[in-house]
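Numbers here simply count residues along the sequence, with the first being 1. Values in this document were obtained by computation on a predicted structure and should not be read as measured data. Atoms considered below: every heavy atom in the structure, side chains included; atoms not considered: hydrogens, waters and symmetry mates.
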Amino acid sequence: MIPSFKPFTKTRLALLIAALAAAGFAYAGATPAPAKEIVRPGAADNSNILKPGTGTPPAPVAQITGVTYKQNPLDPQYVTYTIAGSGNAANCIVDVTLPGTTSYNNYKLGSFANTPTWYAPTDGSQINVKAVSGCTGSGSVTFHKLVIDPNLVGTVTAVVMNKAIYKQGEGVGLTMQGMAGPSACLWRLSVDGNYAIGAVLSTLHPLMPPIANVGQYSPGLHTVTLDGQPNAPAAPGCKGNATATFKVESIDPNAPTITSVTATNGAQFKAGQAQGITVSGTGNCQYRLEYNDGFKSNNMQATAVNPFPHTLNVHPISNPGNYIVTAVTLGNCNGGSGAAFNVSP
């Protein structure tokens, strides 16, 4: 049978064109619809599209521009060098060549403010620095040795403990410091008046290596003294002296111990008023109070007759301000603690 077709009316024709348009076909006589903008997920504002000129510029390469040095008149054996330059030297690796056979290869500079200290070279020699990676450039300087006053004498300046508290049986470490004269001089190190290192002839300088162990000591508070010795027939004596203290604590778990220090009255006191300081602890413990204004009390003792806690009024303070009091343990008493308080007018 031959199919029959109904004639197109305007209404049917409009419906057909609309259906074709929905299917993606365009009618030549129709007005094209505006194109839809395709927006990628997460880029509705096009923020993920790199626009010309908006990328992060590369960091400037560090540039070495020169080398300077500084020699201390009282410490002629060591020289502080400064490698000058511009840019970020965090990853700047350099080779440093000193006269003779001494060199420092692949030395990480880190910063142009870095001032490495090396042994002083001979007069008139050159120090050379050359970039290896992370920077560019090079520099050099000619070293001219200072003329040292022959009348200078090595001087003791400090003795510094590796830490303030050691455990019983632990080696006590420290660092000696001093300023050098034109030659070595005699010095001596003692602990509680007993010579730990006696009458040594050597040169004192600020970079002396630490001494890992000068001995093991009984529980209690100890004093270290570094002092110069009188002239010997063949060597000058060093000048000056320095002291430091350290504490050795017992490893006995039942050792007497100070557990806390508190200031009464809400830690608020009037000028001239004695502060109530309460010290708590266990066992027969000897201690003293030390204030940050320099005052030290007499030694106190907790016993079975006079057990903890102790409330003490030992140091009226006239000057208003903030203060700290510390209970320093003595003998075989462990621990130690402190408290802050305020003194008002």
Next item on the list: Kindly check if the number of other-residue, nucleotide or ligand heavy atoms within 6.0 Å of CG (Asn298) is above 12?
Entry: no
If we only count heavy atoms from C-beta on, is the [X] to [Y] side-chain gap below 4.5 Å?
X: Tyr323; Y: Gln275; answer: no
X: Phe269; Y: Thr264; answer: yes
X: Thr65; Y: Phe112; answer: no
X: Tyr291; Y: Ile277; answer: yes
X: Pro256; Y: Asn332; answer: yes
X: Leu189; Y: Val224; answer: yes
X: Tyr107; Y: Val129; answer: no

Same cluster for [X] and [Y] if Ile/Leu/Val/Met/Phe/Trp/Tyr side chains link at under 4.5 Å?
X: Tyr69; Y: Val96; answer: yes
X: Met161; Y: Val156; answer: yes
X: Val325; Y: Leu330; answer: no
X: Val328; Y: Leu289; answer: no

Next item on the list: To the nearest 0.5 Å, tell me how far Tyr287 OH sits from His310 NE2.
Entry: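 Interatomic distance, Tyr287 OH to His310 NE2, rounded to 0.5 Å: 5.0 Å.
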Next item on the list: Could you check Lys270 against Ser344 for side chain to side chain contact (heavy atoms under 4.5 Å, CB included), going step by step and ending with a plain yes or no?
Entry: CA-CA 5 Å; Lys270 292 291 185 180; Ser344 59; 3.6 Å; yes
Notebook entry, point to check: Does the pair Phe295 and Val314 meet the rule for a side chain to side chain contact (heavy atoms under 4.5 Å, CB included), with working shown?
Noted result: CA-CA 10 Å; Phe295 176 83; Val314 296; 4.3 Å; yes
Item checked: Pair Thr278-Thr311, side-chain donor/acceptor within less than 3.5 Å ->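 Their side chains do contain a donor-acceptor pair, which is all the 3.5 Å distance test asks for.
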